[in-house]
Protein chains: 2
Amino acid sequence: MPRADRERQMMSVAEEVFAERGYVAASMDEIAERVGVSKPMLYEYFGSKEGLLVACIRQARAELLRVTSQAAVDAVNPEDMLRNGLVAYFQFISDHRRSWALLCSETAVVGPSATEEIEAVRQQQTDLISSTMALYVPQPPLDLTAGAEVIVGGCERLALWCQRHPETSPADAAELVMRLIWSGMRSLLDDQPSPGQG
Amino acid sequence: MPRADRERQMMSVAEEVFAERGYVAASMDEIAERVGVSKPMLYEYFGSKEGLLVACIRQARAELLRVTSQAAVDAVNPEDMLRNGLVAYFQFISDHRRSWALLCSETAVVGPSATEEIEAVRQQQTDLISSTMALYVPQPPLDLTAGAEVIVGGCERLALWCQRHPETSPADAAELVMRLIWSGMRSLLDDQPSPGQG
DNA sequence: GCGCGTAGCTTACCATCGGTAGGTTACTTG
DNA sequence: CAAGTAACCTACCGATGGTAAGCTACGCGC
């Protein structure tokens, strides 16, 4: 089997095993066995267990950026941008629970490079939010980036909550976030940096 | 050395090593060595590596609940309650960076019981928020608990952001969160469940 | 057809680390 | 002083991440 195909297959199996057992409990031996290949092949292609995880995360990250930024460009004002992006985010999560578990439920514990990779996902979404919002304000205040952090973190937790309340649709979740933060967000956007109001 | 003292010492060292190396990279041998004791003692007192982590988390959790709920009772209206609680939270984090890394930066990856323990911290804060807010509304809507999730998740991310922007004080962070969410939160509180408006 | 480089793959191994069995020391208590 | 026990240790096991060395088969220049 050619390398590219084998790599895709390995990542698919790895995602599955990581999601089933959790990163630490997942063993490279088991992944190799399920792929139907020997362990050194995994190391040949991904370097390490963490490298394999990083590859999985990176793939999911690209997909997440694609769907959320696409959703944003389909809107014409900041409110719709944010709402559409939120819907796309919650939709992505409900479509890719396995991938999402990798993005959201695993952290610093796994090692430096995977941690960076997971942080990069959040960074990516934070940047997307603050930069699209900044389109509508001449001099974006620092608070805008901090506000974007709050949104990203809040959505992660809300997504977990939604898993426990399956009757909540992606649109419901997005609407709740909008109701909670839109008024405050708009005031951040309107709030030009003024003397004495750092 | 009596058991209780030894346990405290072990937990202190463990917290240190976990924070330095991350949970996975931290080895029980190293913790034992730094304590100046042999490895089986750690297992005698905490059962397992994960048990040791759980003990550390549990201690930090109790402390966090103490300071945040104390802050809340010192207020007289919901807005001040939320703000005071937020200030206490961000203050706790800046006071206990090491403990906080354990609470926030480590997740599902470590194993079932530690994961539960970490989730319990968030659950505790979510409950605290939604129950204190619910004091002010006869029939708390479901959205209130979801809203509390958003706040908890948002604050976690914001706290990380604050670490990268040390000029932001706990009060600044709390104020930002209040400006972002208070208006929306108040509307959730006012929003009595009415027919056709789930 | 034939050497030959190399992509894809394997067996067999090592080192580390979580966890345990079993024993020793030393202090308390009847 | 005997007996029990709390605190502690040495020496080991099994699993798992990671590696060394080699095998097989295909493509390619001659």
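In what follows, every chain begins at residue 1, and chains take the letters A, B, ... in the order their sequences are listed.
Between B/L158 and the options B/L176, B/L180, B/I93, B/L86, a side-chain contact (heavy atoms from CB on, under 4.5 Å) holds for only B/L176.
Using modelled atom types, one finds a donor on one side chain and an acceptor on the other under 3.5 Å when comparing A/R6 with A/Q9.
Of the candidate nucleotides D/dT16, C/dG19, C/dC17, C/dG19 has the atom lying nearest to any side-chain atom of B/Y43. Comparing C/dC17, C/dC9, D/dT19 by their nearest atom to the side chain of B/S27 picks out C/dC17. Nearest to the side chain of A/K49, among D/dG18, D/dC8, C/dT11, sits D/dG18. Candidate nucleotides D/dA7, C/dG19, C/dT10 were compared by shortest atom distance to the side chain of B/S48, and C/dG19 ranks first. Residue A/S38 has its side chain nearest to C/dC9 when only D/dC9, C/dG18, C/dC9 are considered. Looking at the side chain of B/V37, the nearest of the listed nucleotides D/dA20, D/dC8, C/dG18 is D/dC8.
A/M28 comes within 4.0 angstrom of the backbone, heavy atoms only, and of no base. Among the heavy atoms of the strands, none lies under 4.0 Å from A/A32. B/P2 comes within contact range of the sugar-phosphate backbone alone, with a heavy-atom separation under 4.0 Å but no base atom that close.
Remark: A/K49 is not positioned above the aromatic ring of A/F18, lacking an NZ or CZ atom under 6.0 angstrom from the ring centre and at most 45 degrees off the axis.
The phosphate of D/dA6 (OP1 or OP2) has no side-chain N or O of B/R6 nearer than 4.0 angstrom. For the OP1/OP2 pair of D/dA7 and a distance below 4.0 Å, the side-chain nitrogens and oxygens of B/Y45 include at least one atom meeting the criterion.
In terms of position on DNA chain D, the residue among B/E44 and A/D29 whose nearest nucleotide sits closer to the 5' end is B/E44.
Atom OH in A/Y23 sits roughly 14 Å away from atom P in D/dT16 (whole-Å rounding). As a whole-Å value, the separation of A/K39 NZ from C/dC9 P is 17 Å. Distance, A/L53 CG to D/dT16 P: 18 Å, rounded to whole Å. For the pair A/M41 CE and C/dC9 C1', the computed distance is 6 Å after rounding to whole Å. In this entry the distance linking CE of A/M1 with C1' of D/dT24 reads 17 Å, nearest Å. What separates CD of B/E7 from C1' of D/dC8 is a distance of 15 Å, to the nearest Å. If you measure from atom CD of B/E50 to atom P of C/dG19, you get 8 Å, rounded to the nearest angstrom. Atom CD of B/E33 and atom P of D/dT10 are 12 Å apart (whole Å).
For the pair A/E175 and A/R83, the salt-bridge criterion is met [side-chain N within less than 4.0 Å of a carboxylate O].
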Where do B/W161 and B/T168 land on the side-chain contact (heavy atoms from CB on, under 4.5 Å) test, with the steps shown first? CA-CA 9 Å; B/W161 185 88; B/T168 313; 3.6 Å; yes
